[in-house]
2 protein chains.
Amino acid sequence: MHCSPSKNTEERIREAARRVFLEKGFDGTTSRDIAEAAGINIALTNYYFRSKEKLFISIFDELIQLFFEGMFCILNKPIGLREKIAELVEHDFQLMKNNPNLSIFIMNEIHRNPERMANAVEARKQFQQSVFDDQLRREVALGTIRPIEAMHLMVMIIANIQFLFVSKAMHIRIWHMSEKEFDAFADRHKDLVIDMITSYLFVFESV
Amino acid sequence: MHCSPSKNTEERIREAARRVFLEKGFDGTTSRDIAEAAGINIALTNYYFRSKEKLFISIFDELIQLFFEGMFCILNKPIGLREKIAELVEHDFQLMKNNPNLSIFIMNEIHRNPERMANAVEARKQFQQSVFDDQLRREVALGTIRPIEAMHLMVMIIANIQFLFVSKAMHIRIWHMSEKEFDAFADRHKDLVIDMITSYLFVFESV
DNA sequence: TCTTGTTTTAAACAAACATTTAAATTTTCG
DNA sequence: CGAAAATTTAAATGTTTGTTTAAAACAAGA
């Protein structure tokens, strides 16, 4: 019977796998990489998770939830559109700052194997049924903002933030930046993005 | 002596390698994948290029040039800023439409192995010495546009276009899009991006 | 035709891969 | 404690990897 089935080891494997997969992707990661990063025997990854693929799916599903959940939460908040957009940008920025490889990892793995995005339908529903979708439509109808569809606005928000981090390695290499310098650049850029998107949308307002 | 050293075979390998590398990346591609795609014997890839790595570098360098050259060309054109920005967006969009995997490929490979970006210094110089850099500074000094650094503006341009294609697989999956529908969406988005960026920059102008 | 150099092939190579096995070790609990 | 179960280990599994080899097929000039 026993109490906890070595949750320590299982979690150590998960943490190592998360780290290595995020850095090297599924194809670039070997079972030995994960075992080494976790400081455990090679056979244990297959003892706890049945295969490299199953371990990956477990990590991937966790990360894609991290990718979406915060966003959906904000989309449904009972706050004004201007504030909501700023919050969406800030949230995405913080998420990327804490997980710089998250976006390129997700985009890449879905690109290589689209079936991995199993709960795509769920994501679509959550988005379509969100407060944000109605909210935007109403504001457009009232004429307080430029006419725009929710999908386009969402892409603008995440593209401007996430591409910063997707292209981070390139920027650091081209501009001879340190991590600190990149962070400072990203921070300024984030503020610019908020300014640009809201200025564009709320063109009819005076402030 | 012989006349042409089987340029046919070598070019067939290059074309196949370009196709497969762009789709699966370096890690996800095997020598046998390339040989199969090219319809040639496995040993020929190492006969013409000495290793998988050397073949990859050859393809990568070609693609990173494709990635930058058109952009640098436009940056130095003797045209107005508004027109130049629109042209930069249109060019990047066309490049991505013709090579949908180019951006995610480049970003990913540099991320996994930054040393691959060997001529980063060259890219930086080309950008800093461009007409665009001066042009923007002058317009900012004159007060005809909002104060902004060239780097930020460039990131805005390429982020808004390229992320569309970096996230293409995700969008298609989430929104149940066909290729045609995605293309139409991307086309509308591109126009919005031009409108947003120029509207933001040229806020002081009446038109 | 014979020879020389080039291109292509099938077969083989060792190394690395994910995964399995069976034994050893540790933990659990009566 | 001591037996049963869970965990960990070293070793081996069969495949796939990138690369090499040695022979075959080909091209072309003397």
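Hydrogens, waters and symmetry mates are skipped; everything else that's a heavy atom, side chains included, is used. Chain letters run A, B, ... following the sequence lines, proteins first, then strands; residues in each count from 1.
Geometrically, A:Lys52 engages A:Phe26 in a cation-pi contact, judged by NZ or CZ lying under 6.0 Å from the ring centre and within 45° of the ring axis. A cation-pi contact, defined as under 6.0 Å to the ring centre and within 45° of the axis, is absent between B:Arg137 and B:Phe132.
A:Leu44 places its CG atom 6 Å from the P atom of D:dT9, with the value rounded to the nearest Å. The OH atom of A:Tyr48 sits 18 Å away from the P atom of C:dT19 (whole-angstrom rounding). Rounded to whole angstrom, the span from the NZ atom of B:Lys52 across to the P atom of C:dA15 amounts to 19 Å. If you take CG of B:Asn41 and C1' of D:dT20, they are 12 Å apart, rounded to a whole angstrom. Atom CD of B:Glu53 is separated from atom P of D:dT19 by 9 Å (rounded to the nearest Å). Between the CD atom of A:Glu36 and the P atom of C:dA16 there is a distance of 13 Å, given to the nearest Å. Spacing between atom OH of A:Tyr47 and atom P of C:dT25 amounts to 17 Å, rounded to whole angstrom units. Counting to the nearest Å, the C1' atom of D:dT17 and the CG atom of B:Asn46 are 12 Å from each other.
The side chain of A:Ser51 approaches C:dT19 more closely than any other nucleotide in the set C:dA10, C:dT19, D:dT8. Between C:dA10, D:dT9, C:dT19, one nucleotide has an atom nearer to the side chain of A:Ile42 than all others, and that is C:dT19.
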Could you walk me through whether B:Arg146 and B:Glu139 pass the salt bridge (charged side-chain N to carboxylate O under 4.0 Å, His left out) test, one step at a time? CA-CA 9 Å; B:Arg146 285 189 206 243; B:Glu139 300 268 16; over 6 Å; no

Please determine whether salt bridge (charged side-chain N to carboxylate O under 4.0 Å, His left out) holds for the pair A:Glu23 and B:Arg112, giving the CA-CA distance in whole Å, both sets of side-chain angles, and the decisive distance to 0.1 Å. CA-CA 8 Å; A:Glu23 182 160 333; B:Arg112 298 280 161 82; over 6 Å; no

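Contact annotation: side chain of A:Arg32 to base of C:dA18, donor-acceptor pair present below 3.5 Å.
Side-chain atoms of B:Lys84 come within 3.5 Å of backbone atoms of B:Leu75 as a donor-acceptor pair (strictly under, hydrogens ignored).
For the segment residues 14-31 of chain A, the set of residues with a heavy atom within less than 4.0 Å of an atom of DNA chain C comprises A:Thr29, A:Thr30, A:Ser31, in numerical order.
Here A:Lys190 pairs with A:Glu90 in a salt bridge; the nearest charged N to carboxylate O distance falls below 4.0 Å.
Phosphate proximity of D:dT8 to A:Thr9: present, with a side-chain N or O under 4.0 Å from OP1 or OP2.
By the 6.0 Å contact criterion, NZ on B:Lys24 is open, its count of non-hydrogen atoms from other residues, nucleotides or ligands being 12 or less.
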